[in-house]
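One structure is given below, encoded as structure tokens.
Note that this is a predicted model, so its numbers are computed, not measured.
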Amino acid sequence: AYYLWPDYDSSSARFCVRLEGADAAGEILVWYGNPSATTTSDGTSTYLFFDDCEGSDPSDKWIEVAGTGTATYETDPYLGTKALKVSGNSKYVAGRMDPVTSAIFEARIKQTGIYNSFFTAIGSTSEYTFYAFRPNYSNKAELYKFAAGTATLSADTTGVSSTTWRRITMIPNPSTAKFAVYVDGTLIINTGYTTDYSGVIGARSGVRGESDIYLDQILVRAYSATPPAATVFGPEQANKYLPAAKEFVPGRLVHFKRN
């Protein structure tokens with residue numbers, strides 16, 4: 001299965017490919033340049049969890065675990081697309097997925113208000129137990145450990161706006177006992193954590209209804225320390241890998257190889 005990211009244009013595109021059971025060297029061949037081709041992009045089949053927020057009922061993807069309030073899909077005027085809005089008093093929702101101990105948790109997020117909303121990872125589906133990224137109102141980024149509702153600050157850093165859209169990536173890695181947090185692709189936190197946590201993706205609104213959190217392009221994907229490299233070949237090289245060229249509109253072959 002694969003997912004075609006919606007930000008493609010006539011000159012570039014991003015794909016994520018799920019390689020089920022790929023534990024040895026191999027190749028992925030991607031032919032492009034056919035304007036009449038139709039996509040079979042499927043985020044749900046590609047990722048461990050996926051929500052592009054284009055559905056009508058969040059309960060198809062999310063479990064309402066605790067707190068009071070709502071989880072709804074609303075169109076964001078900045079994005080021009082729908083986002084998941086979690087609002088209310090400590091409203092915690094958890095993704096409908098199999099629990100994991102190590103994965104990549106990603107979403108674009110922003111909050112309104114000033115206080116205490118969280119994007120969560122390796123979280124429980126029955127209580128406030130998870131690791132959580134908090135976009136602090138004083139332009140700080142914080143990583144918290146929650147254990148049955150008791151929060152402990154694990155690490156923090158400065159210079160991250162709390163009320164603008166940012167892409168957050170969280171990677172708990174039990175093999176190194178490190179929890180990494182990236183903001184818009186930049187590593188900002190890399191700290192030790194409790195490696196026996198296992199769970200799902202989620203979000204929690206602020207206390208006393210003082211902060212809503214919005215999420216978009218929400219996904220969990222398998223972690224790979226050495227993702228495959230890509231090399232671009234011309235059409236003349238493509239033919240030794242693919243069926244006769246008459247079956248394709250001329251274009252280029254992208255060749256991914258895992259060693």
Inset, instruction - Please test R167 against Q217 for side-chain hydrogen bond (donor to acceptor under 3.5 Å, both in side chains), starting from the C-alpha separation and ending with a verdict. - result: CA-CA 9 Å; R167 183 152 201 88; Q217 294 184 355; 3.2 Å; yes
Inset, instruction - Run the numbers on T194 and D196 for side-chain hydrogen bond (donor to acceptor under 3.5 Å, both in side chains), then give the verdict. - result: CA-CA 6 Å; T194 304; D196 60 357; 5.0 Å; no
Inset, instruction - Just do the side-chain hydrogen bond (donor to acceptor under 3.5 Å, both in side chains) check on D184 and T186 with the steps written out, would you? - result: CA-CA 6 Å; D184 295 331; T186 299; over 6 Å; no
Inset, instruction - Could you walk me through whether F146 and Y131 pass the ring-ring contact (aromatic ring centres under 6.0 Å, His included) test, one step at a time? - result: CA-CA 6 Å; F146 279 72; Y131 272 81; 9.3 Å; no
Legend entry - Verdict with supporting geometry, S117 and S211, side-chain hydrogen bond (donor to acceptor under 3.5 Å, both in side chains): CA-CA 6 Å; S117 60; S211 175; 3.1 Å; yes
Inset, instruction - Start with the C-alpha distance between F15 and Y8, add both sets of side-chain angles, then the distance that settles ring-ring contact (aromatic ring centres under 6.0 Å, His included), and finish with yes or no. - result: CA-CA 9 Å; F15 290 87; Y8 65 88; 8.4 Å; no
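No continuous path of hydrophobic side-chain contacts links I63 to F49 [ILVMFWY only; heavy atoms under 4.5 Å]. By the criterion of side-chain heavy atoms lying less than 4.5 angstrom apart, applied directly or through intervening Ile, Leu, Val, Met, Phe, Trp or Tyr residues, V65 is not grouped with V93; the two fall into different hydrophobic clusters.
Distance check, rounded to the nearest 0.5 Å: CZ of F119 to CD1 of I213 gives 8.0 Å. Rounding to the nearest 0.5 Å places OG1 of T195 at 12.5 Å from NZ of K178. Taking CD of E142 as the reference point, atom CG of L153 lies at 5.5 Å (rounded to 0.5 Å). Atoms CD1 and CE, from I122 and M170 in turn, are 8.5 Å apart once rounded to the nearest 0.5 Å. Atoms CZ and CG, on R18 and D42 in that order, are 10.5 Å from each other to the nearest 0.5 Å.
You'll find the side chain of L219 stays beyond 4.5 Å of the side chain of F105, heavy atoms only. Side-chain contact between I188 and F133: present, with at least one pair of heavy atoms (C-beta onward) separated by less than 4.5 Å. You'll find the side chain of R134 stays beyond 4.5 Å of the side chain of T120, heavy atoms only. For the pair V181/I168, a side-chain contact is recorded, criterion being any heavy-atom separation below 4.5 Å from C-beta on. Taking 4.5 Å as the limit, every side-chain heavy atom of Q111 sits out of range of all side-chain heavy atoms of D212.
Judged by distance alone, the side chain of E74 and the main-chain N or O of K85 form no donor-acceptor pair under 3.5 Å. Judged by distance alone, with hydrogens and angles left aside, the side-chain atoms of T129 form a donor-acceptor pair with the main-chain N or O of A148 at under 3.5 Å. Under a 3.5 Å cut-off, the side chain of Y128 and the backbone N or O of G67 do form a donor-acceptor pair. Between the side chain of Y214 and the main chain of W165, no donor-acceptor pair closer than 3.5 Å is present.
Aromatic ring centres of F118 and Y144: separated by under 6.0 Å. Residues Y73 and W62 keep their aromatic ring centres 6.0 Å or farther apart.
Side chains of N173 and S175: a donor on one and an acceptor on the other come within 3.5 Å. Side-chain contact check for T191 and S154: no donor-acceptor pair (N or O, by modelled atom type) lies under 3.5 Å. Using a 3.5 Å distance cut-off with no hydrogens or angles, the side chains of S205 and Y92 do not pair a donor with an acceptor. S124 and Y197 share no side-chain donor-acceptor pair at under 3.5 Å.
Ionic pairing of D156 and K140 is present here: one or more N-O contacts between side-chain nitrogen and carboxylate oxygen are shorter than 4.0 angstrom. Under the 4.0 Å criterion applied to side-chain N and carboxylate O atoms, D216 and R108 are assigned as salt-bridge partners. K91 and E64 are joined by a salt bridge, as a carboxylate oxygen and a charged side-chain nitrogen come within less than 4.0 angstrom of each other. Under the 4.0 Å criterion applied to side-chain N and carboxylate O atoms, D76 and K110 are assigned as salt-bridge partners.
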Enumerate, atom names and distances included, each donor-acceptor pair closer than 3.5 Å involving a side-chain atom of residues 96-104, sequence neighbours excluded.
from: R96; atom 1: NE; to: S59; atom 2: O; distance (Å): 2.8
from: R96; atom 1: NH2; to: S59; atom 2: O; distance (Å): 3.4
from: S102; atom 1: OG; to: P172; atom 2: O; distance (Å): 3.2

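Across T46 and A1, no two heavy atoms sit closer than the pair OG1-C, 3.6 Å. The two residues C53 and L84 come nearest to each other via the heavy atoms SG-N, 3.5 Å. When all heavy atoms of F130 and G123 are compared, the closest pair comes out as CB-CA, 3.4 Å.
In this pair, F50 and Y47 present their aromatic rings parallel. The plane angle is below 30°, not in the 30 to 60° band.
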